[in-house]
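Let me begin by presenting the structure, written as structure tokens, before commenting on it.
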Amino acid sequence: MENESKLTSGLNPQLSDENKNYFKLETESKSLEQLKLTHKKLSYLCLNFDPFSSDMNTQEVENLINEFNLKELAKDPYKLTNYLLQNLTDLEEAINKKIN
């Protein structure tokens, strides 16, 4: 519930940055395989989530939204898209750091 309240308030820019920093901290503690899996999941979500039509979203998409605590943020498709793209970029950077 605490994460949900953060994301409900997360629609203001300050908390959005806090959530992004939390996600960054998560990437630092993950192995290369975990980073790649997380990247794959977020990429899948970007490609398959239609924020304008809940009827078209699959159970897998719903599971990923719940896994990443994005239910509240998903109510604003533009902020969700921005959040996902920023985190995909951060994940790519973290993966490249682990590889090099």
Side-chain angles (χ1 to χ4, degrees):
M1 290 303 272
E2 185 179 63
N3 284 340
E4 285 183 34
S5 65
K6 279 186 177 182
L7 288 174
T8 304
S9 306
L11 299 179
N12 79 39
Q14 187 176 15
L15 259 166
S16 251
D17 289 343
E18 183 182 306
N19 288 335
K20 187 172 182 273
N21 288 337
Y22 171 77
F23 195 89
K24 262 189 172 176
L25 292 174
E26 277 294 310
T27 62
E28 292 175 7
S29 65
K30 291 186 177 184
S31 70
L32 179 59
E33 291 76 24
Q34 290 171 319
L35 291 171
K36 286 181 179 180
L37 180 59
T38 303
H39 187 275
K40 186 176 181 177
K41 288 178 178 181
L42 288 181
S43 294
Y44 179 88
L45 191 56
C46 285
L47 293 171
N48 294 286
F49 178 62
D50 183 356
F52 300 104
S53 175
S54 62
D55 294 341
M56 298 190 68
N57 293 320
T58 65
Q59 185 62 46
E60 182 65 27
V61 167
E62 293 297 322
N63 290 343
L64 290 172
I65 288 171
N66 291 331
E67 179 180 339
F68 291 105
N69 297 317
L70 298 173
K71 194 168 194 135
E72 288 297 317
L73 196 57
K75 292 178 181 178
D76 184 335
Y78 302 106
K79 289 189 180 196
L80 175 65
T81 301
N82 188 38
Y83 178 83
L84 290 172
L85 292 175
Q86 287 176 354
N87 283 300
L88 281 170
T89 300
D90 290 345
L91 279 167
E92 288 171 5
E93 289 174 5
I95 289 168
N96 288 334
K97 283 181 184 177
K98 295 256 184 194
I99 290 173
N100 297 326

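Atom set for the values below is all heavy atoms of this structure, side chains included, hydrogens, waters and symmetry mates excluded.
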I need the single residue from Leu70, Leu64, Asn63 that forms a side-chain contact (heavy atoms from CB on, under 4.5 Å) with Glu67. Which is it?
Leu64
Heavy-atom closest pair (Asn57 atom, Asn48 atom, distance to 0.1 Å) is OD1-O, 3.8 Å
Heavy-atom closest contact (Ser43 atom, Leu88 atom, distance)
OG-CD2, 3.6 Å
Do Leu84 and Leu47 land in one hydrophobic cluster if side-chain heavy atoms of ILVMFWY residues count as linked below 4.5 Å?
no
Common cluster, Leu32/Leu42, ILVMFWY with side-chain heavy-atom separation under 4.5 Å
yes
Test item: Lys40 side-chain N/O and Leu35 main-chain N/O as donor-acceptor pair under 3.5 Å
no
Show, in sequence, the C-alpha distance, side-chain angles and deciding distance for Tyr44 and Val61, and conclude whether the side-chain contact (heavy atoms from CB on, under 4.5 Å) test is met.
CA-CA 8 Å; Tyr44 179 88; Val61 167; 4.1 Å; yes
Report the C-alpha separation of Asp90 and Glu93 in whole Å, then their side-chain angles, then the decisive distance to 0.1 Å, and conclude whether the side-chain contact (heavy atoms from CB on, under 4.5 Å) test is met.
CA-CA 5 Å; Asp90 290 345; Glu93 289 174 5; 4.2 Å; yes
Closest non-hydrogen atom pair, Ala74 against Leu80
CA-CD2, 3.8 Å
CG of Asn100 to CD1 of Ile95, rounded to nearest 0.5 Å, is 12.0 Å
Could you measure the distance from the CD atom of Glu60 to the CD atom of Glu62? Nearest 0.5 Å is fine.
10.5 Å
A quick test of your reading: do over 12 heavy atoms of other residues, nucleotides or ligands sit less than 6.0 Å from NZ of Lys36?
no
Can Thr38 and Phe68 be said to form a side-chain contact (heavy atoms from CB on, under 4.5 Å), step by step?
CA-CA 10 Å; Thr38 303; Phe68 291 105; 3.8 Å; yes
So, the side chain of Gln34 versus the backbone of Ser31: is there a donor-acceptor pair under 3.5 Å, distance only?
yes
